[in-house]
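Here is how names work: the chains are called A, B, and so on, in the same order as the sequence lines, proteins then strands, and each is numbered from 1. Note: hydrogens, waters and symmetry copies are ignored here, and every other heavy atom, side chains too, is used.
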There are 2 protein chains.
Amino acid sequence: MSPQRPLRADAARNRARIMATAHEQITEHGAGVSMERIAAASGVAVGTLYKHFPNKTDLVNAVIAASFAPVADDAEDSLRRAGQGAPAMEELTGFLTRLMDTVAHNQAVKAAAHALNTDHAVHPAMRDLEARVTSALGQLLRAAQAQGELRTDCTVDDLYLVLSTFPTDQAPAARVRWLALVLTGLIAR
Amino acid sequence: MSPQRPLRADAARNRARIMATAHEQITEHGAGVSMERIAAASGVAVGTLYKHFPNKTDLVNAVIAASFAPVADDAEDSLRRAGQGAPAMEELTGFLTRLMDTVAHNQAVKAAAHALNTDHAVHPAMRDLEARVTSALGQLLRAAQAQGELRTDCTVDDLYLVLSTFPTDQAPAARVRWLALVLTGLIAR
DNA sequence: TGTCAAGGTGAATTATGATTCACCATAGAG
DNA sequence: CTCTATGGTGAATCATAATTCACCTTGACA
């Protein structure tokens with residue numbers, strides 16, 4: 001499975017289906033889903049999962065990395081728009097709202113990865129995404145403060161602290177209400 | 001194990017030690033700890049666990065119920081003090097701070113119970129605790145609003161929504177900071 | 001102190017699930 | 001059209017855990 005030479009067409013197809021199915025199954029049944037079940041739902045044999053991923057942990061990590069990949073792009077797009085004159089605070093809240101949706105949708109996968117990665121290790125791919133988001137978020141934050149829309153004593157860490165705790169299991173309406181309540185504490189008086 | 005006649009002295013001792021040990025082990029190793037391990041750490045044989053609890057799920061539910069039992073009393077004490085002239089908002093934030101500590105300390109057990117209780121069922125004992133807390137919290141909330149210390153459009157649901165999301169895995173200092181940030185959004189302007 | 005039911009023991013049973021591997025199938029290069 | 005490396009298969013193996021149970025121990029009451 002080394003990326004040396006490109007995957008055969010059918011292999012690529014299967015790999016994609018496996019990751020999509022794994023996401024569904026984990027979302028539906030939690031981190032406990034068996035490889036057997038994921039294989040069956042993908043329409044392949046267990047052995048095939050192992051042809052693509054050395055073990056369950058790696059499969060889950062691949063799924064989570066793929067699920068969150070778009071977030072970093074989104075953060076950087078928001079920052080770019082702010083740089084081109086869009087109100088920074090609006091970009092910030094817009095990004096946070098979309099981020100909440102993404103995390104909510106991938107909550108089970110996130111939990112699964114956390115449960116399977118022994119000790120506490122975070123997947124390198126996730127570490128990379130996090131770095132990009134942190135950077136973009138920091139700049140957005142400073143821009144919003146410069147425009148007087150955000151408390152100047154609010155740090156990126158504060159933002160993360162608050163962000164890290166939003167209600168993943170609530171309905172979208174409740175999530176929006178939550179964000180509104182919480183942001184009130186961050187907006188400049 | 002019916003509560004008909006009191007437990008024999010050694011049995012009571014063991015039962016207490018088992019629950020304490022189970023709490024430790026779950027906190028340290030997650031919901032996945034084996035009964036074997038809990039038994040070993042308690043200094044008894046596996047069979048003994050099953051003499052006291054029909055299965056792992058019931059053991060975990062007993063542990064979590066015991067861990068959270070004091071919270072309801074605390075809520076009611078706070079309410080009582082407010083009724084005797086203590087500032088309601090102070091009682092409210094005091095209670096919330098202590099609640100955060102309790103939840104943080106019992107985070108792993110809470111997660112374990114959630115993971116083990118098939119479907120989504122909440123233990124009846126927990127349901128009862130929740131009802132008492134909700135009641136006390138509602139009255140505290142209204143008192144704080146009557147004293148002009150809290151936004152009047154803030155409901156008990158809002159309080160729960162925000163409460164349900166505090167950062168269990170952060171250091172105490174970070175938790176306090178979080179509460180301060182979030183409460184700012186709830187305090188009357 | 002003697003009795004015996006409550007309490008304790010831990011090897012054995014039963015389940016479940018991850019991972020392996022010897023062998024089969026076929027994309028796609030030549 | 002032929003090969004053959006890549007990809008697929010799934011029964012078998014290995015490991016881990018929950019739960020049971022036939023048989024000991026011992027608190028505590030008479």
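In this view, A:R37 and A:Q25, A:H29 satisfy the side-chain hydrogen bond (donor to acceptor under 3.5 Å, both in side chains) rule, not counting sequence neighbours. When the salt bridge (charged side-chain N to carboxylate O under 4.0 Å, His left out) test is applied to B:R98, the partners found at least two apart in sequence or on another chain are B:D74. With sequence neighbours left out, A:D58 forms a salt bridge (charged side-chain N to carboxylate O under 4.0 Å, His left out) with no residue at all. When the side-chain contact (heavy atoms from CB on, under 4.5 Å) test is applied to B:T97, the partners found at least two apart in sequence or on another chain are B:L179. A search for side-chain hydrogen bond (donor to acceptor under 3.5 Å, both in side chains) contacts involving B:T21 returns B:S42, not counting sequence neighbours. For A:D128, there are no salt bridge (charged side-chain N to carboxylate O under 4.0 Å, His left out) partners, not counting sequence neighbours. In this structure A:D157 satisfies the salt bridge (charged side-chain N to carboxylate O under 4.0 Å, His left out) test with no other residue, sequence neighbours excluded.
Atom CZ of A:R15 and atom CG of A:L7 lie 6.5 Å apart (nearest 0.5 Å).
Sorted by first then second residue, the salt bridge (Lys or Arg N to Asp or Glu O under 4.0 Å) pairs that include residues 172-186 of chain B, not counting sequence neighbours, are A:D158-B:R177, B:D101-B:R175.
Atom CE of B:M35 is separated from atom C1' of C:dA15 by 16 Å (rounded to the nearest Å). For B:R17 and C:dG8, the CZ to C1' distance is 12 Å, given to the nearest whole Å. Atoms NZ (A:K56) and C1' (C:dT20) sit 17 Å apart, rounded to a whole Å. Rounded to whole Å, the distance from CZ on B:F53 to P on D:dT20 is 15 Å. Atom OH in A:Y50 sits about 17 Å away from atom P in C:dA22, given to the nearest Å.
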- Would you sort out whether A:R80 and A:D77 count as a salt bridge (Lys or Arg N to Asp or Glu O under 4.0 Å), showing the intermediate values? CA-CA 5 Å; A:R80 192 166 308 116; A:D77 286 345; 2.8 Å; yes

- Query: Nucleotide by nucleotide, 5' to 3', does protein get under 4.0 Å of the base (B), only the sugar-phosphate (S), or neither (-) in nucleotides 9-15 of chain D, counting heavy atoms?
  - Reply: BB-----

- At under 4.0 Å between heavy atoms, which parts of nucleotides 24-30 of chain C does protein reach? Answer with one letter per nucleotide, 5' to 3': B base, S sugar-phosphate only, - none. --BSS--

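Non-hydrogen atoms lying under 4.0 Å from DNA chain D are contributed by nothing in residues 18-34 of chain A.
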Review item, side-chain donor-acceptor pairs of residues 65-73 of chain B, under 3.5 Å, at least two apart:
residue, atom, partner, partner atom, Å
B:S67, OG, B:V63, O, 2.8
B:S67, OG, B:N106, OD1, 3.4
B:D73, OD1, B:R132, NH2, 2.9

